[in-house]
Amino acid sequence: MIENRATLERSQTHALALDCLERAVAAAAPEAAIRSNVTVSDGTLSIADTEYDLTAYRDVVVVGGGKAASGVVTALESILGDHVTDGLVVTKHPTESDRVRCVTGDHPLPSERNVRATAELLELVVEADAETLVVPVVTGGTSALLTAPAGDLSLTELRETTALLLDSGAPIDEINAVRKHLSESKGGRLAAAAAPATVATLVLSDVVGNDLSAIGSGPTVPDETTYGDALAVLERHDVTPPEAVAAHLAAGDAGRRPETPTTAGLSAERVRTHLVGDNALALDAARDVAREAGYTPLVVTSRLRGEAREAGTTLLAVAEEIAATGDPVEPPAVVLAGGECTVSITGEGGTGGPNQELALSAGIELTGETVVAAVDSDGEDGSSAVAGALVDGETVTDRAAAREALAANDAGRFLSEADATIRTGPTGTNVNDVVVLVVPDRA
């Protein structure tokens, strides 16, 4: 999976860190997650603990999007077979499928082809009736890939607003609170459009804490945020959107536009959402690798968030305590964390992403034999084609230059020159970031 593993695997400690990352990403593959949660037997579709009588439906329509959507479609078609009658998903890396159209879209900023594909998808959903089972697929990246501008808003205005929010360092739930109120597909509106069909959503989470209303901007989940909340996000993060966006949100806040559907507007009997995979699943797999290697695993959290450079030094402090005192676990140990850190853009023209900034910030302080590795499970750290980075006590030889690179949001360049970046290519899944710190035995 790691294309440049031979360059990075400098010791047994490095190899273990890479093994943990590879197993973590593989465990979160959408095909594995779907087959673990979805079965069909005697005309009954079972998703986790919920059953759907397929004989009650004339049509089964699969819709949705995200970076892992193609893998989900492949697994669903193998399980549901001829029960699937139609479908369309929008994804960044489509694959061939028999019954569901996998359409190419763009991420992280929406494009015209995203808008066209989403319009086709919404047509399928609107045509659904009481004898239709709609199966939405929601995976990381759905917010951008399913784009349906609300009212008179233009794609250009949505792109500008999205870019400003991403650069602001705002957490994903706040970014999505804004996007929900600028869209005809987000914030429960997709499920509302499908009425009176039954809706059974499959979610592969890329959101810390698995808030279903935030994952992919919750296209089929009741939304408790408001236009006022969206305006507050813009103000809190000093984001000045295009005039039309500000006017649209203000009109909604004044009651001149309908709010997103709440729990009262989406019947729990008709609309159900099923979480089939998340970051904890990836960390569990990495923990098994560490234990098999004779190391004590310590999962610190699957809810890591905040500024990436600060998270890097905090996690390193845990590893240093283990190495120095054997607290909270004796070395050799593997410290694991997952989540979604952010980067506030202050530099100009730099390269990198949260995982590279996390790794570089740790590398500046790193001494001894501990190894730190961090990747985005989708294989793309931020907007770069690099998945993340692996650093050790020898990666940063010029700390002043490394600090300058961090200040300029240019961690990617520094780590690339040090042969420390991790390259996987698109992995086909997306369950946030995975961070591994390998602490060797003190001997």
Engineer: Taking Thr263 for its side chain and Pro222 for its backbone only, find out whether a donor-acceptor pair lies under 3.5 Å.
Structural biologist: no
Engineer: Say you draw a straight line from OG1 of Thr351 to CG of Leu415; how long is it, rounded to the nearest 0.5 Å?
Structural biologist: 9.0 Å
Engineer: Do Tyr295 and Leu16 touch side chain to side chain, with heavy atoms closer than 4.5 Å?
Structural biologist: yes
Engineer: State whether the number of non-hydrogen atoms from other residues, nucleotides or ligands found under 6.0 Å of Arg101 atom CZ is greater than 12.
Structural biologist: yes
Engineer: Restricting to non-hydrogen atoms, name the atom on Ala17 and the atom on Val371 that form the minimum distance, rounded to 0.1 Å.
Structural biologist: CB-CG1, 4.1 Å
Engineer: Side chain of Thr427, backbone of Ser377: donor and acceptor closer than 3.5 Å?
Structural biologist: yes
Engineer: Between Asp253 (side chain only) and Leu249 (backbone N and O only), is there a donor and an acceptor less than 3.5 Å apart?
Structural biologist: no
Engineer: For Val208 and Arg303, which heavy atoms make the closest approach, and how far apart are they?
Structural biologist: CG1-CA, 3.3 Å
Engineer: Look at the side chain of Arg58 and the backbone N and O of Glu131, then say whether any donor-acceptor pair between them is shorter than 3.5 Å.
Structural biologist: no
Engineer: Between Thr162 and Pro110, what is the shortest heavy-atom contact and its length?
Structural biologist: OG1-CD, 4.3 Å
Engineer: Quick check: are there more than 12 heavy atoms from other residues, nucleotides or ligands sitting under 6.0 Å from CZ of Arg5?
Structural biologist: yes
Engineer: Provide the full list of side chain to side chain donor-acceptor pair (under 3.5 Å) pairs with a residue in residues 184-197, sequence neighbours left out, each pair given once.
Structural biologist: Ser183-Ser185
Engineer: Which residues satisfy the side chain to side chain contact (heavy atoms under 4.5 Å, CB included) test with Pro242, sequence neighbours excluded?
Structural biologist: Glu157, Glu160, Thr161, Val245
Engineer: Name all residues meeting the side-chain hydrogen bond (donor to acceptor under 3.5 Å, both in side chains) criterion together with Asp278; count only those two or more places apart in sequence or in a different chain, and write none if there are none.
Structural biologist: Asn210
Engineer: Heavy atoms, side chains only, cut-off 4.5 Å: are His93 and Lys67 in contact?
Structural biologist: no
Engineer: Going through the checks in order, is the side chain to side chain contact (heavy atoms under 4.5 Å, CB included) test met by Asp376 and Asn430?
Structural biologist: CA-CA 8 Å; Asp376 193 324; Asn430 189 11; 3.8 Å; yes
Engineer: Applying side chain to side chain contact (heavy atoms under 4.5 Å, CB included), can you list everything that pairs with Ala128, at least two apart in sequence or on another chain?
Structural biologist: Thr132, Val134, Ala197
Engineer: Is any side-chain heavy atom of Leu281 closer than 4.5 Å to a side-chain heavy atom of Val431?
Structural biologist: no
Engineer: Would you indicate whether the side-chain heavy atoms of Leu166 and Pro108 approach each other to under 4.5 Å?
Structural biologist: yes
Engineer: Verify, without hydrogens or angle tests, whether Thr118 (side chain) and Thr147 (backbone) share a donor-acceptor contact under 3.5 angstrom.
Structural biologist: yes
Engineer: Kindly write out the residues that satisfy salt bridge (Lys or Arg N to Asp or Glu O under 4.0 Å) with Arg413, not counting sequence neighbours, or none if the list is empty.
Structural biologist: Asp410, Glu417
Engineer: Is there a side-chain contact between Ile2 and Asn4 in this structure, where contact means two heavy atoms from C-beta onward sitting under 4.5 Å apart?
Structural biologist: yes
Engineer: Tell me, please, which residues at least two apart from Thr260 pass side-chain hydrogen bond (donor to acceptor under 3.5 Å, both in side chains).
Structural biologist: Asp223
Engineer: Among Asp206, Val203, Thr273, whose side chain to side chain contact (heavy atoms under 4.5 Å, CB included) with Val138 holds?
Structural biologist: Val203
Engineer: Hey, are the side chains of Val38 and Leu80 touching, using non-hydrogen atoms and a 4.5 Å cut-off?
Structural biologist: no
Engineer: Could you report the tightest heavy-atom contact between Pro241 and Leu164, atom names first, then the distance?
Structural biologist: CA-CD1, 4.3 Å
Engineer: Could you tell me whether Arg113 and Asp106 make a salt bridge, using a distance below 4.0 angstrom between a side-chain N and a carboxylate O?
Structural biologist: yes
Engineer: Can you find a heavy atom in the side chain of Glu3 that is under 4.5 Å from one in the side chain of Thr424?
Structural biologist: no
Engineer: Can you list the residues that meet the side-chain hydrogen bond (donor to acceptor under 3.5 Å, both in side chains) rule with Glu307, with sequence neighbours excluded?
Structural biologist: Ser344
Engineer: Taking salt bridge (Lys or Arg N to Asp or Glu O under 4.0 Å) as the definition, give me every residue that meets it alongside Asp173, ordered by chain and number, with sequence neighbours left out.
Structural biologist: none
Engineer: Could I get the full list of side chain to side chain contact (heavy atoms under 4.5 Å, CB included) partners for Ser97, not counting sequence neighbours?
Structural biologist: Val73, Glu77, Val100, Cys102
Engineer: Taking side chain to side chain contact (heavy atoms under 4.5 Å, CB included) as the test, write out the residues that go with Thr55, two or more places apart.
Structural biologist: Asp53
Engineer: For Asn355, give me all partners under side-chain hydrogen bond (donor to acceptor under 3.5 Å, both in side chains), at least two apart in sequence or on another chain.
Structural biologist: Asp381, Asp433
Engineer: Hey, mind stepping through Val276 and Ile34 against side chain to side chain contact (heavy atoms under 4.5 Å, CB included) and telling me if it holds?
Structural biologist: CA-CA 7 Å; Val276 297; Ile34 293 300; 4.1 Å; yes
Engineer: Assess the residue pair Leu283 and Arg287 against the criterion (side chain to side chain contact (heavy atoms under 4.5 Å, CB included)); give the C-alpha distance rounded to whole Å, side-chain angles, the decisive distance to 0.1 Å, and a yes or no.
Structural biologist: CA-CA 6 Å; Leu283 293 180; Arg287 174 164 42 195; over 6 Å; no
Engineer: Can you name the ring pair (Phe, Tyr, Trp, His ring centres under 6.0 Å) partners of His181, sequence neighbours left out?
Structural biologist: Tyr227
Engineer: Could you go step by step and tell me if Leu133 and Val199 meet the side chain to side chain contact (heavy atoms under 4.5 Å, CB included) rule?
Structural biologist: CA-CA 6 Å; Leu133 175 63; Val199 178; over 6 Å; no
